[in-house]
Amino acid sequence: MFVLMRKLAVKAPTQLLVVLILCLCPATAGVSAGDFESERMHNWHHWRGPDATGVAPHGDPPVEWSEESNVKWKVEIPGRGNSTPIIWGNQVFILSAINTGRVAENATKLEDQPDNSFGIKSPTTFYKFVVMSLDRRTGKLLWERTATEQLPHEGHHNDNSFASASPTTDGQFLYVSFGSRGIYFYDLAGNLRWKRELDNVRTRLSFGEASSPVIVGESLILNRDNEERSHILVLDAMTGETKWKAERNEVSAWATPLVVDHDGRTQVVTSASNRVRSYDLATGNILWECGGQVSNVIPSPVRYGNVVYCTSGYRGSAIFAIPLDSTGDITGTAKIAWHSDRDTPYVPSPLLYGDMLYFTKSNLAVLSCLNAKTGESILSAT
C-alpha cells in the first residue's frame with residue numbers, strides 16, 4: 001500500500017487535493033479490538049504508519065510514477081487539507097476544510113486586522129470541516145460528513161491548513177481532530193458517536209495547529225503546544241471525557257506524540273522546544289525529560305529498540321537519542337545515547353528503516369542517513 005497526497009493549484013479560491021493510489025497490499029476487513037495489533041501492520045491507521053516510523057512493512061510501491069504511469073486512481077477533493085490520509089481495510093479516510101464564502105457578521109474585516117510578518121490574517125468566512133471515506137480499490141466516495149461549520153479563530157501559515165491533523169483509527173472507530181474546532185468520534189460507517197469542543201489556542205504568528213491525535217487502547221491523546229496555555233490532554237476514547245490533563249511549559253510546537261510500551265509502562269513521548277518529555281499514560285506523571293531541541297519543533301519522535309530519537313531544525317539543528325529507561329532530567333548527561341547538531345529537518349519527520357535513520361536538512365533537498373545505534377554517518381547527499 002502506498003498513498004500520495006498532492007495539492008493541485010487551481011484558479012478558484014480553494015485548492016483541490018488529489019489522492020494517488022499507486023500500489024496496494026491486500027486489504028483487510030474491519031477487525032475486533034483484540035485483532036488490532038496483528039492487523040495494523042497491513043494498514044495505515046496513523047499519520048506515520050503502523051509503527052510510527054514512516055514505513056509500510058507490507059507495501060510494495062513502484063520506484064517511479066507520474067500522471068500517466070503507476071496510478072491506480074485519482075480523485076479531486078474539495079477544499080484544502082494537509083493531513084495524511086489513513087487506511088483501514090477497504091477505506092481511505094481524509095479530512096478537508098472548505099471555505100463556504102459565507103461572511104461571518106462578527107469577523108474583523110481583513111483591512112482592519114494588523115499586519116503579520118507572514119501576511120497571515122484571521123479569516124472572515126465560515127469553513128466546513130469535512131470527513132470523507134473513499135473506497136480503497138476505486139476511489140469512490142463512500143460517505144462524507146460535515147463535522148462542524150465554524151469561523152476559525154486565527155489564520156494559518158501558507159504551508160499549513162485548517163485540516164492538518166491526520167485522523168486515526170483503532171480498526172473499529174475513527175478519531176478526528178480539527179484542533180480548536182473540536183474532536184469527533186465516528187464509527188467506520190460514518191455515524192457520529194460523540195464530539196468534544198475544545199478551547200481556542202493561539203499559535204506562533206498564527207501559523208495554525210497540526211499535531212495529530214494518537215489512539216492507544218481506551219485513551220485518545222492530544223498534544224496542544226501553543227503560545228498561551230500549552231498542555232497535553234488524554235481523553236476516554238469511548239466517551240470523550242478527560243482522563244487527565246498536564247500543563248506544559250512550552251511555546252508553539254507541532255510534533256505528534258509517540259506512544260511506546262517499555263518495561264511494563266506505556267510512555268507518551270512529546271518533543272518541543274524546551275524539553276522532550278515522557279509521560280506515564282496511566283497517571284500523567286513525567287517519567288523523564290531532556291532539553292536541547294531548537295525552535296518550532298515539528299518532526300515527530302521515532303523509536304528504535306529501547307531508544308527514541310527526537311529532532312528539530314529551525315534556527316539550529318538537533319537530534320537526540322534518548323533511552324526509554326531514563327528517569328528524571330537527563331539534560332547534558334551521559335545517559336543520552338548520542339546526539340548531533342548537523343543537518344536535521346525543520347518540518348519533515350525522520351524515516352526509520354532497519355537500523356538506518358534517514359532525514360533531510362531543514363526543508364532542503366539534502367539527505368542524511370545515520371546508523372541509529374551509534375549516530376555514525378552513513379550517507380549525506382543532495
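We count residues from 1, following the sequence as given.
In terms of the side-chain hydrogen bond (donor to acceptor under 3.5 Å, both in side chains) criterion, residue partners of Gln267 (sequence neighbours excluded) are, by chain and number, Ser278, Trp288. Ser177 meets the side-chain hydrogen bond (donor to acceptor under 3.5 Å, both in side chains) test with no other residue; sequence neighbours excluded.
Side-chain atoms of Ser219 and Lys243 form a donor-acceptor pair, as typed in the model, at a separation below 3.5 Å. A donor-acceptor pair shorter than 3.5 Å can be found between the side chains of Asn99 and Thr125. Donor-acceptor pairing under 3.5 Å is lacking for the side chains of Asn223 and Ser211. Judged purely by distance below 3.5 Å, without hydrogens or angles, the side chains of Arg248 and Thr270 pair a donor atom with an acceptor atom. No donor-acceptor contact under 3.5 angstrom links the side chains of Asn158 and Asn160, judged on distance only. Side-chain atoms of Thr148 and Gln150 form a donor-acceptor pair, as typed in the model, at a separation below 3.5 Å. In this structure, a donor-acceptor pair under 3.5 Å is absent between the side chains of Arg229 and Asn200. In summary, the side chains of Glu250 and Ser230 do not present any donor paired with an acceptor at a separation below 3.5 Å, with no hydrogens or angles considered. Remark: the His153 side chain and the Arg202 side chain contain no N/O donor-acceptor pair separated by less than 3.5 Å.
Under the 30°/60° scheme for interplanar angles, the aromatic rings of Tyr309 and Trp338 are found to be tilted. Ring-plane geometry between Phe207 and Trp254 is classed as tilted, the angle between the planes lying from 30 to 60 degrees on a 0 to 90 degree scale. The aromatic rings of Trp143 and Phe93 are tilted relative to each other, their planes meeting at an angle between 30° and 60°.
Within the structure, salt bridge (Lys or Arg N to Asp or Glu O under 4.0 Å) contacts touching residues 347-370 (residues at least two apart or in different chains) are Asp343-Lys361. Pairs passing the salt bridge (Lys or Arg N to Asp or Glu O under 4.0 Å) check and including a residue from residues 320-334, sequence neighbours excluded, read Arg275-Asp329, Asp325-Lys335. Listed by first and then second residue, the salt bridge (Lys or Arg N to Asp or Glu O under 4.0 Å) pairs that reach into residues 291-314 come to none, sequence neighbours excluded.
For the pair Glu209 and Arg224, the minimum side-chain heavy-atom distance is below 4.5 Å. In this structure, the side chains of Trp73 and Arg137 stay at 4.5 Å or more apart for every pair of heavy atoms.
Other cluster members for Tyr279: Val214, Val216, Ile221, Ile232, Val234, Trp244, Val259, Val268, Leu281, Ile286, joined by side-chain heavy-atom distances under 4.5 Å among Ile, Leu, Val, Met, Phe, Trp and Tyr.
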